[in-house]
There are 2 protein chains.
Amino acid sequence: MAASSAKHDVFQAIADPTRRKLLKLLSSEEMPVTVISGHFPISRTAVSKHLRVLADAGLVKERKVGRETRYKLEPQPLYELKDWLQFFELYWENKLGALKRLVESDEQDL
Amino acid sequence: MAASSAKHDVFQAIADPTRRKLLKLLSSEEMPVTVISGHFPISRTAVSKHLRVLADAGLVKERKVGRETRYKLEPQPLYELKDWLQFFELYWENKLGALKRLVESDEQDL
DNA sequence: ATAATATAACACCTTTTGGTTTCATGTCAA
DNA sequence: TTGACATGAAACCAAAAGGTGTTATATTAT
């Protein structure tokens, strides 16, 4: 899995379905690894590695509490995704809207 | 690379930087593979495989014109991504909101 | 008909990824 | 202090991913 020496980016981090489920799970509540693992059919170690990838991408924050490590969603990096997506919105939604804007700017030129 | 027998999903398709560049490149104009390859440092075959992954995810549309195959962006599947993202907007906006409240209360303390 | 072009299809290679099991370390409770 | 628990780390594995180069096939131009 992800050895995680090099920083992972958001796009790659969310590519995996398990990691996406992790993000949702950790969105509301902070949780220790053991509890998190209970929600997945894979081993605790595997979950731990996914968490590492997410942490690398900055999507999750770790906090040590006694002998456990608790994880929580850190949504900021998703901004990058939103920005990226915004570029394409032009193309799907309003082909009409884009045309309208174009026409309007042309009108101003008149 | 992606053999592409099983359908690829959008999240996986956009995970690769080359594929993201492909999407941008194909957003404005329809292009045949050879022209597309000119924009990348990798082999034409590699580009072709990336295009296949994108097509699998429905992000790109192929059209045969004579002996060439032209590719164009098909932005619809990005909707899924937007929906997914929307869930998390709640969390980061709250955070910003919370920060704003914090700053404001600090100002009031002065 | 023949040569050149565009691209898909194969076969192959290396690195990464998702997963496992086992071991080491740190912390809490008795 | 001794044992149980939580987690990280390490070693390992199979499959997928990204890449290459080499055919094969269809289409266009001469």
Side-chain angles (χ1 to χ4, degrees), chain A residues 1-26 29-57 59-72, chain B residues 1-26 29-73:
Chain A
M1 187 185 286
S4 78
S5 35
K7 257 222 153 197
H8 285 98
D9 77 44
V10 184
F11 292 92
Q12 203 207 331
I14 65 163
D16 185 271
T18 300
R19 286 197 290 266
R20 289 198 298 276
K21 277 178 71 179
L22 276 169
L23 290 178
K24 287 226 170 178
L25 184 63
L26 298 174
E29 244 185 297
E30 185 187 58
M31 284 185 206
V33 181
T34 312
V35 173
I36 298 172
S37 305
H39 292 75
F40 296 86
I42 60 181
S43 74
R44 183 193 48 75
T45 309
V47 169
S48 214
K49 287 205 225 169
H50 279 302
L51 287 169
R52 176 61 49 94
V53 174
L54 291 173
D56 259 21
L59 282 164
V60 125
K61 201 177 62 188
E62 316 179 26
R63 187 169 68 106
K64 288 203 111 186
V65 177
R67 64 181 154 184
E68 60 187 27
T69 312
R70 303 203 188 137
Y71 290 85
K72 213 190 88 192
Chain B
M1 188 186 284
S4 77
S5 35
K7 257 221 155 197
H8 285 98
D9 76 44
V10 184
F11 292 93
Q12 202 207 330
I14 65 163
D16 184 272
T18 299
R19 285 196 291 266
R20 289 198 297 277
K21 276 178 71 180
L22 275 170
L23 290 179
K24 287 226 170 178
L25 184 63
L26 298 174
E29 245 186 294
E30 185 186 58
M31 283 185 206
V33 181
T34 311
V35 173
I36 298 172
S37 306
H39 292 74
F40 296 86
I42 61 181
S43 74
R44 186 190 47 71
T45 309
V47 170
S48 213
K49 286 204 227 171
H50 279 302
L51 287 169
R52 177 62 49 94
V53 174
L54 290 173
D56 259 21
L59 282 164
V60 124
K61 200 177 63 188
E62 317 178 25
R63 186 169 69 104
K64 288 203 110 183
V65 176
R67 64 183 152 183
E68 58 186 30
T69 313
R70 303 204 188 135
Y71 289 84
K72 212 190 89 194
L73 172 71

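Sequence lines set the chain letters: A, B, ... in the order given, protein chains first and strands last, and positions in each chain run from 1. Note that the coordinates shown come from a computational prediction; the quantities given were computed from them, not determined experimentally.
Taking only side-chain nitrogens and oxygens, B/His50 comes nearer than 4.0 Å to OP1 or OP2 of D/dG19.
B/Arg19 places a side-chain N or O within 3.5 Å of a backbone atom of B/Ala13 that can act as its donor or acceptor partner.
In this entry the distance linking CG of B/Asp16 with P of C/dT16 reads 13 Å, nearest Å. Computed from coordinates, the B/Asp56 CG to D/dA17 C1' distance equals 14 Å when rounded to whole Å. Between A/Leu51 atom CG and C/dG19 atom P there is a gap of 12 Å when expressed in whole angstrom units. Residue A/Gln12 contributes atom CD, which lies 12 Å from atom P of D/dA17 at whole-angstrom precision. Nucleotide D/dA17 holds its P atom 13 Å from the CG atom of B/Leu54, rounded to whole Å. A/Ile14 places its CD1 atom 15 Å from the P atom of C/dT17, with the value rounded to the nearest Å.
The heavy-atom pair separating A/Gln12 from B/Ala15 by the smallest distance is CA-CB, 4.2 Å. Of all heavy-atom pairs between A/Asp16 and A/Thr18, the closest is OD1-N, 2.8 Å. Residues A/Tyr71 and A/Leu26 share a closest heavy-atom pair of O-CD2, 3.5 Å.
Considering only residues two or more places apart in sequence or on other chains, B/Glu68 meets the salt bridge (Lys or Arg N to Asp or Glu O under 4.0 Å) condition with B/Arg70. Remark: B/Ala55 engages B/Val60, B/Glu62 in a side chain to side chain contact (heavy atoms under 4.5 Å, CB included) (not counting sequence neighbours).
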Pairs: protein N or O with nucleotides 5-11 of chain C N or O, under 3.5 Å:
residue : atom : partner : partner atom : Å
C/dT5   : O4'  : B/Arg67 : NH1          : 3.4
C/dT5   : O2   : B/Arg67 : NH1          : 3.3
C/dT7   : OP1  : B/Val33 : N            : 3.1
C/dT7   : OP1  : B/Thr69 : N            : 3.3
C/dT7   : OP1  : B/Thr69 : O            : 3.4
C/dT7   : OP2  : B/Thr34 : N            : 2.8
C/dT7   : OP2  : B/Thr34 : OG1          : 2.1
C/dA8   : OP1  : B/Thr69 : OG1          : 3.3
C/dA8   : OP1  : B/Tyr71 : OH           : 2.8
C/dA8   : OP2  : B/Ser48 : OG           : 2.7
C/dA9   : OP2  : B/Arg52 : NH1          : 3.4
C/dA9   : OP2  : B/Arg52 : NH2          : 3.3

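Two residues, A/Pro41 and A/Val65, neighbour DNA chain C, and the one matched to the more 5' nucleotide by heavy-atom proximity is A/Pro41.
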